[in-house]
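Here is the structure we will look at.
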Amino acid sequence: MSKWKELARPNNLSILGLKETLEGGQTFSWCPTSTITWIGCFRSKVVELKFKDGMLFWKTPNSGTITEEEIKDYLWLDSEYDGAVDQLPWRSDHVLAKCVKALPGLTILNQPLDEVLFYFILSSAKSIPQIKEIGSLVCQKWGKSLGNNLWSFPGWSKLSKVSEDEFRKLKLGYRAKYIHNVAQVVGNDPYYFSTISQLSYIDAKSELIRLPGVGPKIADCALLFGATKTEAFPIDTWIAKVLDSHYGLESFTYSQKALFARKHFGLFCGLAQQFLFSGERLGLIKSK
DNA sequence: CATCAGGACACAG
DNA sequence: CTGTGTCCTGAT
């Protein structure tokens with residue numbers, strides 16, 4: 001049994017911020033194992049995290065090859081994060097300020113793009129537990145077991161050999177066709193995702209939207225959570241509600257809201273989105 | 001038993 | 001380019 005290792009953190013982190021980062025809907029690969037510990041995986045590696053006495057600890061259950069640097073990169077635990085938070089307009093925006101204050105250390109994870117795209121295609125009209133469930137069914141069937149009741153994402157190449165009907169049997173519903181068709185496009189292109197990641201936000205988004213089942217919202221989620229494009233501002237029904245009630249955008253169309261968000265929240269608007277999303281989800285900001 | 005989700009798409013205006 | 005009905009499935 002390996003021992004917990006301390007993960008250096010330059011500033012304050014909170015249990016709620018960490019919890020929301022891991023359970024708040026940007027990743028579906030983590031499970032709480034107690035009130036202060038989580039187990040999850042990324043890039044086919046299993047990691048456990050523990051938050052105690054203001055410090056973050058980590059370990060790998062089955063002597064994995066993961067390094068501290070990889071975990072810090074994944075969790076966005078560096079000084080750039082503090083600068084990003086500081087650049088958000090919390091000084092003049094009381095709604096955002098309330099969320100930022102209540103959720104110290106809430107970050108945007110740096111996840112693998114292929115896996116993020118997969119999960120967010122599944123996310124359409126589904127709740128977080130449902131997305132976890134159907135995603136896990138696919139990983140259990142075509143991914144490899146990582147122990148601890150976790151399975152790796154099989155990869156699009158493997159999924160390209162699976163029929164739409166087999167996905168439907170795993171309760172994907174109309175998303176089965178999307179997954180199957182996307183797999184036909186990207187499954188045999190080993191450079192698809194690395195190419196997307198290198199494009200500008202605008203170019204990457206218009207490229208992703210060409211995929212069946214990928215609209216502006218899912219493309220933004222993929223780019224924000226899977227390609228570190230913090231200019232992405234996913235607008236789902238929750239965020240739309242926040243913009244309506246707290247920013248007076250009831251009469252705005254979808255694209256007008258998107259424009260407003262980028263202008264108001266700035267270069268790191270994706271991070272602002274995550275704060276507002278969690279704040280709304282947790283009832284930290286009361287709706288009118 | 002009917003309605004509606006953390007969306008996209010096809011089709012109409 | 002903006003506004004609706006439909007698509008699977010499960011929760012309410």
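Lettering of chains follows the sequences in order, A, B, ..., and the numbering in each one begins at 1.
Geometrically, A/Lys158 does not engage A/Trp142 in a cation-pi contact, judged by NZ or CZ lying under 6.0 Å from the ring centre and within 45° of the ring axis. Taking the ring centre of A/Phe57 as origin, the terminal cationic atom of A/Lys50 falls inside the region bounded by 6.0 Å and 45° from the ring axis.
Among the nucleotides C/dC8, B/dA8, B/dG6, the one closest to the side chain of A/Pro216 is B/dA8. Distances were taken from every side-chain heavy atom of A/Lys171 (C-beta onward) to each of C/dC8, B/dG6, C/dT9; the shortest belongs to C/dT9. Distance from the side chain of A/Arg281 is smallest to B/dG6 among C/dT2, B/dG6, B/dC9. Between B/dG6, C/dA11, B/dG7, one nucleotide has an atom nearer to the side chain of A/Phe277 than all others, and that is B/dG6. The side chain of A/Tyr178 has B/dC9 as its nearest neighbour among C/dG10, C/dG3, B/dC9.
Rounded to whole angstrom, the span from the CG atom of A/Leu137 across to the P atom of C/dC8 amounts to 19 Å. Atom-to-atom, CG of A/Leu122 to C1' of C/dC7 comes out at 15 Å; the value is rounded to the nearest Å. The distance from atom CD1 of A/Ile128 to atom P of C/dA11 is 15 Å, rounded to the nearest whole Å. Atom P of nucleotide C/dC1 and atom CD1 of A/Ile209 are separated by 12 Å, given to the nearest angstrom. For A/Leu276 and B/dG6, the CG to C1' distance is 15 Å, given to the nearest whole Å. The distance from atom NZ of A/Lys177 to atom P of C/dT9 is 13 Å, rounded to the nearest whole Å. One interatomic measurement links the two molecules: CG of A/Leu243 to C1' of B/dG6, which rounds to 14 Å at whole-angstrom precision. One interatomic measurement links the two molecules: CD of A/Glu164 to P of C/dT9, which rounds to 11 Å at whole-angstrom precision.
The main-chain N or O of A/Ala258 is never found under 3.5 Å from a side-chain atom of A/Lys263 such that the two would form a donor-acceptor pair.
With P as the reference atom, C/dA11 and B/dA8 are 23 Å apart, rounded to whole Å. B/dG6 and C/dT2: their C1' atoms are spaced 22 Å apart (whole Å).
Paired with A/Phe225 under the rule ring-ring contact (aromatic ring centres under 6.0 Å, His included), one option of A/Phe277, A/Phe120, A/Phe118 passes, and it is A/Phe120.
Side-chain to base pairing of A/Tyr254 with C/dG3: no donor and acceptor N or O lie closer than 3.5 Å to each other. Under 3.5 Å, the side chain of A/Arg175 and the base of C/dC7 form no donor-acceptor pair of N or O atoms.
Heavy atoms of A/Leu211 sit under 4.0 angstrom from primed sugar atoms or phosphate atoms, though from no base atom. Residue A/Gly25 is classed as a base contact, given a heavy-atom separation below 4.0 Å to a base.
With a 3.5 Å ceiling on both atom-pair distances, the Watson-Crick or G-U wobble partner of B/dC11 is C/dG3.
Both A/Lys126 and A/Ser255 lie near DNA chain C, and the one whose nearest nucleotide falls closer to the 5' end is A/Ser255. Residue-to-nucleotide proximity on DNA chain B shows that, of A/Ile131 and A/Pro212, the 5′-proximal contact is made by A/Ile131.
Using a 4.0 Å cut-off, some side-chain N or O of A/Arg168 falls inside it from OP1 or OP2 of C/dC8.
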* Could you walk me through whether A/Phe265 and A/Trp90 pass the ring pair (Phe, Tyr, Trp, His ring centres under 6.0 Å) test, one step at a time? => CA-CA 9 Å; A/Phe265 297 112; A/Trp90 53 271; over 10 Å; no

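Note on A/Asp220 versus A/Lys205: salt bridge recorded, some NZ/NE/NH1/NH2 to OD/OE distance being below 4.0 Å.
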